[in-house]
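Structure, as structure tokens:
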Amino acid sequence: ELKVEQNPLFLSMQEGKNYTIYCNYSTTSDRLYWYRQDPGKSLESLFVLLSNGAVKQEGRLMASLDTKARLSTLHITAAVHDLSATYFCAALANAGGTSYGKLTFGQGTILTVHP
Amino acid sequence: DAMVIQNPRYQVTQFGKPVTLSCSQTLNHNVMYWYQQKSSQAPKLLFHYYDKDFNNEADTPDNFQSRRPNTSFCFLDIRSPGLGDAAMYLCATSRDRIGGKYFGPGTRLTVT
């Protein structure tokens, strides 16, 4: 069974600082997703990573994938208050099992950016 | 714009009173999912439809049922809501099982 673990679960940052959120998954996965969720809102898709070594960037966020280590990272550069939200990674179960296509989420990282 | 729509956005029901949540999509996607998200937790998949093929998660309570009368619509029925069923319910769609998931805005369910 695919398991996904994020750390840290809580992250308090000062504006202007850099930090990384880590996402480990337990079995092979074809796709890794990152989502943002604001309080009381739905999930907003940030990135989908499809292959080993994939790197995607959007503004102050950069996501990468190492399929050999079963690790994805979400790097925050020069944080601003608007980035405060909960960030989830999710891995897609591969073909061949009963969970094919199922998205398994990490626990979420609550990010708070302080002035 | 093509999108995933959920109605209502907020639903209050009484303990034990059946309730139905609605999801519709204009993306013409084959797969529709229902997730339950309790406060400060990750979304948890309840079930999904691949076209008309229903797939229930092993740990989804019998209290939760779903219907998909056509490609565009999918319903979540909670037969006898308990206080523990209060949550955000998220509908999502994807073109196929491995395609990107498009999430609706969610329905916040309160049980009194």
Side-chain angles (χ1 to χ4, degrees), chain A residues 1-11 21 23-25 28-51 54 56 63 85-112, chain B residues 2-11 21 23 25 27 29-51 53-60 86-110:
Chain A
E1 182 187 349
L2 177 59
K3 294 189 188 302
V4 180
E5 290 193 357
Q6 284 180 240
N7 72 85
L9 300 185
F10 301 92
L11 179 54
I21 300 171
C23 175
N24 290 92
Y25 53 98
T28 57
S29 172
D30 284 338
R31 297 183 180 209
L32 196 292
Y33 298 83
W34 284 95
Y35 293 93
R36 168 181 172 145
Q37 187 174 40
D38 291 299
K41 304 289 187 180
S42 186
L43 298 171
E44 175 192 351
S45 180
L46 295 174
F47 303 106
V48 54
L49 303 166
L50 302 178
S51 60
K56 290 196 173 180
T86 299
Y87 292 85
F88 289 98
C89 67
L92 196 71
N94 279 355
T98 57
S99 297
Y100 176 44
K102 177 180 175 179
L103 206 56
T104 299
F105 286 84
Q107 309 97 311
T109 297
I110 300 175
L111 171 65
T112 305
Chain B
M3 56 175 46
V4 181
I5 302 162
Q6 290 187 244
N7 285 303
R9 296 292 307 279
Y10 302 91
Q11 175 73 58
L21 310 182
C23 177
Q25 53 127 344
L27 297 159
H29 281 172
N30 292 312
V31 196
M32 295 187 77
Y33 306 83
W34 280 104
Y35 288 85
Q36 179 193 62
Q37 187 180 24
K38 295 186 177 180
S39 182
S40 301
Q41 296 185 19
K44 177 180 176 296
L45 182 64
L46 295 173
F47 25 58
H48 74 275
Y49 273 95
Y50 190 103
D51 196 12
D53 183 26
F54 177 70
N55 298 270
N56 198 32
E57 291 300 300
D59 56 355
T60 298
M88 173 78 89
Y89 289 88
L90 298 167
C91 174
T93 73
S94 61
R95 185 178 307 278
D96 52 39
R97 283 199 171 93
I98 65 169
K101 316 300 185 206
Y102 292 74
F103 282 86
T107 295
R108 170 75 64 187
L109 178 68
T110 301

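In what follows, every chain begins at residue 1, and chains take the letters A, B, ... in the order their sequences are listed. Computed from heavy atoms alone, side chains included, the values below leave out hydrogens, waters and symmetry copies.
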Contact leader toward chain A among B/S94, B/G106, B/P105, where contacts are heavy-atom pairs under 4.5 Å: B/P105
Show me the side-chain donor-acceptor pairs of residues 38-46 of chain A shorter than 3.5 Å, one per line, residues at least two apart or across chains.
from: A/D38; atom 1: OD1; to: A/R36; atom 2: NE; distance (Å): 3.4
from: A/D38; atom 1: OD1; to: A/R36; atom 2: NH2; distance (Å): 2.9
from: A/D38; atom 1: OD2; to: A/R36; atom 2: NE; distance (Å): 3.4
from: A/S42; atom 1: OG; to: B/G104; atom 2: O; distance (Å): 2.4

Could you look at B/Y35 and say if it's the side chain, the backbone, both or neither that has a heavy atom under 4.5 Å from chain A? side chain
Can you say whether the rings of A/F88 and A/F105 are parallel (under 30°), tilted (30 to 60°) or perpendicular (over 60°)? perpendicular
Exceeds 12 heavy-atom contacts within 6.0 angstrom, atom OH of B/Y49: yes
Could you tell me which portion of B/L45 (side chain, backbone, both or neither) has an atom closer than 4.5 angstrom to a non-hydrogen atom of chain A? side chain
Choice from B/H48, B/K44, B/R9, B/K101 maximising heavy atom contacts with chain A below 4.5 Å: B/K101
Contact part of B/Y33 toward chain A, heavy-atom cut-off under 4.5 Å: side chain, backbone, both or neither? side chain
Flag if over 12 foreign heavy atoms under 6.0 Å of CZ, B/F54: yes
Taking B/D51 for the side chain and B/D53 for the main chain, is one N or O donor matched with an acceptor at less than 3.5 Å? no
Of the listed residues (B/R108, B/Q37, B/Q41, B/Q6), which shares the most heavy-atom pairs with chain A below a 4.5 Å separation? B/Q37
